[in-house]
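What follows is a short report on a single structure.
Read the numbers this way: they start at 1 and go in the same order the structure lists the ligands and their atoms. This one's a predicted model, so the numbers in the text were calculated from it and none came from an experiment. The basis for the numbers below is simple: all heavy atoms, side chains too, and nothing from hydrogens, waters or symmetry mates.
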Amino acid sequence: MDGAILQGMTGSSEDGRFEAEVIAAYGRHLLVRNGEHEVRARPSGRRLSIVCGDRVLCETDRKHDEVLIVEVLPRRTLLARANMRGDSEPVVANITRLVVVLAPLPRPDLFVVDRYLCAATAAGITGALAVNKSDLEDDAGLREELDALTAAGYERVRCSAKGGQGLAELRAMLATGVSVLVGQSGVGKSSLVRALLPDEVIATGDLMREEEGRHTTTASRAYRLVNPAGGSGGTLIDSPGVRDFAPAIDQLDEKTLGFPEIAARAGGCRFHDCKHLQEPSCAVIAAVEANEMSARRYESYRRLRRLYSDLVEARGPGQRKKR
Ligand SMILES: Nc1nc2c(ncn2[C@@H]2O[C@H](COP(=O)(O)OP(=O)(O)OP(=O)(O)O)[C@@H](O)[C@H]2O)c(=O)[nH]1
Ligand SMILES: [Mg+2]
Ligand SMILES: [Zn+2]
């Protein structure tokens, strides 16, 4: 490593310690940024769990010529998912907005979209939608389903990374804070990042791999957007595509599971602990029956409720699972 680079780290103390931001995480291979400098780093111990977006304390190991991360600073927010055992795994840290990217093709799984949006609510992050590939033929059925999400309060931008339509609107949505693009593989997350960063070369080095001739993202990576009118344009994190996603169960609100249209109505249910499944005088069920709430969204809620119970069961009661 270039010692001169390390000398230039802002806030670097005598012992070579400095604070940095994790801008790429590929397992234990990390890339951190301090000011304008980017260096590779690795966690100093096995117990450190570090994700893209983390603020970390680094130490320069001059003997081995490497940068070690010795501490993860407290996270302002954390997007987390549940694994099959029901345990929570961190995905990205310190973000302010989660943008689910979808497209007419590959065919969207709206239940996965819903679960991402629920995870955003659970993490105290703004959820939003980017409907990409607007150059392809529009799907009226899909649009109707998406209208239900807009009615629930999620901002939605229609865009095309290929044709450029809607990119100004997307850029405006991303202009503040730190956003992450999530969604199924092939919806165009990396293409959107590329379209928003015309001058920046998207790293295709060690952290990425080419699969069957096409680029599929294998690690989350943060980019700084530039406002064309000058100044910062927000930070954007690209993430690998998923087939499925389950929100971390500890973060979810037991009563609403993160559905805003249920949160808005739960106060009207007869029972304080109503789960909105078959309870009498349930304001949520009444809203679905009156066509005021989307039946598909309600079905999505019921599925997440089942998944939630399954995950709680998979995890087992407290420490008892540990052998
Ligand atoms: N027609 C059309 N194709 C697009 C558009 N944006 C992306 N694509 C294509 O969709 C394919 C997938 O794009 P990527 O940007 O790699 O998708 P991704 O979401 O990053 O995929 P993963 O990294 O695997 O999660 C590529 O062949 C792109 O050229 C668009 O706006 N319109
Ligand atoms: Mg990608
Ligand atoms: Zn209810």
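Of the N or O atoms in D238, none lie within a sub-3.5 Å distance of an N or O in ligand 1. Below 3.5 Å of separation, one finds no N or O of G163 facing any N or O of ligand 1. Below 3.5 Å of separation, one finds no N or O of S239 facing any N or O of ligand 1. Between G188 and ligand 1, at least one N/O pair is under 3.5 Å apart. Ligand 1 has an N or O atom lying under 3.5 Å from an N or O atom of G241, backbone or side chain. Between S191 and ligand 1, at least one N/O pair is under 3.5 Å apart.
Both tests do not hold together for R194 against Y223: distance to the six-membered ring centre under 6.0 Å, angle to the ring axis within 45°. Relative to the six-membered ring of F259, R297 misses at least one condition, a distance below 6.0 Å or an angle of at most 45° to the axis.
Atoms ND1 of H276 and SG of C274, as seen from the Zn ion (ligand 3), are separated by an angle of 100°, to the nearest 10°. The Mg ion (ligand 2) lies at the vertex of an angle of 80° between the OG1 atom of T217 and the OG atom of S190 (rounded to 10°). Rounded to 10 degrees, the SG-metal-SG angle spanning C269 and C282 at the Zn ion (ligand 3) equals 110°.
Hydrophobic clustering places V180 together with L117 (ILVMFWY residues linked when any side-chain heavy atoms are closer than 4.5 Å, directly or through intermediates).
Nearest to atom 25 (O) of ligand 1 by heavy atom, out of R194, K189, K133, is K189. With A195, P240, P106, G186 as candidates, the residue nearest to atom 21 (O) of ligand 1 on a non-hydrogen basis is G186.
A salt bridge links D54 with R75: the closest approach of a Lys/Arg side-chain nitrogen to an acidic carboxylate oxygen falls below 4.0 angstrom. Using a 4.0 Å cut-off between charged nitrogen and carboxylate oxygen, D310 and R305 do not count as a salt-bridge pair. Look at D87 and R85 and you find a salt bridge, because one of the NZ, NE, NH1 or NH2 atoms lies within 4.0 Å of a carboxylate O, short of that distance. Salt bridge annotation for D244-R115: present, with a cationic side-chain nitrogen under 4.0 angstrom from a carboxylate oxygen. Classification of D114 and R303 as a salt-bridged pair fails, no side-chain N sitting under 4.0 Å from a carboxylate O.
With R224 as the partner, the salt bridge (charged side-chain N to carboxylate O under 4.0 Å, His left out) test is satisfied by one option alone out of E38, E21, E36: E36.
Near T216, meaning under 4.0 Å from any of its heavy atoms, are these atoms of ligand 1: 22 (P), 23 (O), 24 (O). Counting atoms of ligand 1 from 1 in the listed order, those under 4.0 Å from a heavy atom of L136 are 1 (N). Counting atoms of ligand 1 from 1 in the listed order, those under 4.0 Å from a heavy atom of S160 are 30 (C), 31 (O).
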**OP:** Step by step, work out the side chain to side chain contact (heavy atoms under 4.5 Å, CB included) result for V182 and V242.
**Re:** CA-CA 8 Å; V182 297; V242 298; over 6 Å; no

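Under 4.0 angstrom from ligand 1, there are no non-hydrogen atoms of L192.
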